[in-house]
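Input: a single structure, listed below in structure tokens.
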2 protein chains.
Amino acid sequence: MTETRTALTRERVLRAAIALADEGGIAAVTMRRMAENLGAEAMSLYYHVSNKEDVLDGMVELLGQEINEITSRISGTPDAQGWRAVARQRILAAREVLLRHRWAPGVLATRTSISPSVAKYHDGLIGLMRSDGVSFDLIHHGLHALGSRALGFAQELFDPGNGPVDESVITAMAPELPNIAAMLAEVAHDDPESTLGWCDDQTEFEFSLDLILEGIEARARAA
Amino acid sequence: MTETRTALTRERVLRAAIALADEGGIAAVTMRRMAENLGAEAMSLYYHVSNKEDVLDGMVELLGQEINEITSRISGTPDAQGWRAVARQRILAAREVLLRHRWAPGVLATRTSISPSVAKYHDGLIGLMRSDGVSFDLIHHGLHALGSRALGFAQELFDPGNGPVDESVITAMAPELPNIAAMLAEVAHDDPESTLGWCDDQTEFEFSLDLILEGIEARARAA
DNA sequence: GTTGTAAGTCTTACGCCGTAAGGCTAGCCG
DNA sequence: CGGCTAGCCTTACGGCGTAAGACTTACAAC
């Protein structure tokens, strides 16, 4: 008569959250509803998840894993084609995942810490460009220009608020993120007196802005 | 002994909301706190504002006005300099306003309707480019590429969700927004069989992506 | 077999939130 | 004077995240 339910796990909790968000938007994700869908009580989730913010972090982490599973299969080493074609493919593949999880852009925009899987994704892009000879400095600016377009949508963390970049997160997992670590080592040293820490928002913004405005102008001239 | 307080108005309510958000982030904006800061009760606000969503809409509207007051003073007609220099100035000026209202990107991203003042701002940009001979088609793609960078930050409405663009909002105020109206008339007719309505997200995304990737590549070659 | 311990779950409760329903008050118009 | 309406308030409801702590099970040690 002992009705055995599948045991709760962090992953099951997060998958329940994602299922709810996929179906009803991020507002549909509440601790009570997650619990209900898992046949448990709201407070039981807190054993596997520290709070709701942790749930959102976890959703992003799983999302990143889903993206990496797909994009890692897109030729890590560009053969005949240069980095740009490969990057394009990966970004458009990531976009397809995002299109299945409409809640993701909004949630990504509110994260204050870096998701390991999302970091890994960017690490792959950096490695791709680097292997084709692009300088870390340009890669760095370029990723800012792409912004969240690198993840398949157009949205940028404009409001990090969290002060200087927490490099410890990156350096701690340097073995996993060799390219980010290498870039950080070089670019950070190149510009030690930056007013806003590693990434000067204003500088990055103007770089991107000019890149785009010039691109439009060039196309206008061509027409 | 009748203690006369300043009367509540929609504008005072919205300004209270903005003040709260400026100070404590968007989460600090609650009906009760707004009322308290105004020396009133929460439910009294509902006479001047239909609900909280309306408050957020109103905050964006005032923000747009603040931006327009500044950017409208930046040479509407480019003289010696081309459209690009003027657009750059306007966008960086808008950015400064955004930097004073850190809550704005996140709130803008969640709006489902178009704010008149923000529409007016974009109308100005369109007019600027058009007056310099850029085609509406290219302007249209270009604004998508800029995304929310046109407003001074980097974030794009990826998830309109609201289906096809509600053109009635635009056409209703065509006298106020001559350039948007003109662009819409031309571009919409140009591409009647677009699968996703007026703005094909995928097309726009790829246009922007290629613009940026090519720009990075060009700079890499130049280095 | 009994007991101790820890993991996992649940109960209860608190203070927030947005807002529905409707009451009070003051000024204006007939 | 009586009624109307604009403007503000009171009360209350159902939702939220989660703190505090009690219960239940499983298993190890004796």
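All values below come from the heavy atoms of this structure, side chains included, with hydrogens, waters and symmetry mates left out. Note on naming: letters A, B, ... go to the chains in the order of the sequence lines (proteins, then strands), and numbering restarts at 1 for each one.
One can place CG of Asn51(A) at 8 Å from P of dA19(D), the figure rounded to the nearest angstrom. Separating the CE atom of Met31(B) from the C1' atom of dG15(C) is a distance of 19 Å, rounded to the nearest angstrom. If you measure from atom CG of Leu56(B) to atom C1' of dG18(C), you get 12 Å, rounded to the nearest angstrom. dT11(C) atom C1' lies 15 Å from atom CG of Leu45(A), rounded to whole Å. dC10(C) atom C1' lies 6 Å from atom CD of Glu41(A), rounded to whole Å. Remark: P of dG17(D) and CD of Glu53(A) are 12 Å apart, rounded to the nearest angstrom. Distance, Arg10(B) CZ to dC8(D) P: 15 Å, rounded to whole Å. For Leu38(A) and dG8(C), the CG to C1' distance is 14 Å, given to the nearest whole Å.
Closest contact between the side chain of Arg33(A) and the listed nucleotides dG18(C), dG17(D), dC16(D) involves dC16(D). For Leu8(A), counting side-chain heavy atoms from C-beta on, the closest listed nucleotide (dT18(D), dT9(C), dG18(C)) is dT9(C). You'll find that the side chain of Met43(A) is closest to dA19(D), out of dC8(D), dA19(D), dT19(C).
For Arg111(A) and Asp57(A), the salt-bridge test passes: some basic side-chain N is under 4.0 Å from an acidic carboxylate O. With respect to the salt-bridge test (charged N to carboxylate O, under 4.0 angstrom), the residues Asp54(B) and Arg10(B) qualify. Under the 4.0 Å criterion applied to side-chain N and carboxylate O atoms, Arg102(A) and Glu23(A) are not assigned as salt-bridge partners. Ion pairing of Arg15(A) with Glu11(A) is present here, as a side-chain N (NZ or NE/NH1/NH2) and a carboxylate O approach within less than 4.0 Å. Ion pairing of Glu41(A) with Arg32(A) is absent here, as no side-chain N (NZ or NE/NH1/NH2) approaches a carboxylate O to less than 4.0 Å.
Position along DNA chain C of the nearest nucleotide to Ala42(A) versus Tyr47(A) favours Tyr47(A) as the more 5'-ward residue.
Contact annotation for Val55(A): no contact, since no heavy-atom pair falls under 4.0 Å across all strands.
Arg32(B) contributes a side-chain N or O that forms a donor-acceptor pair with the base of dG18(C) under 3.5 Å.
For the pair Ser44(A) and dC10(C), the criterion of a side-chain N or O lying under 4.0 Å from OP1 or OP2 is met. Contact check, His48(B) against dA6(D): no side-chain N or O comes under 4.0 Å of OP1 or OP2.
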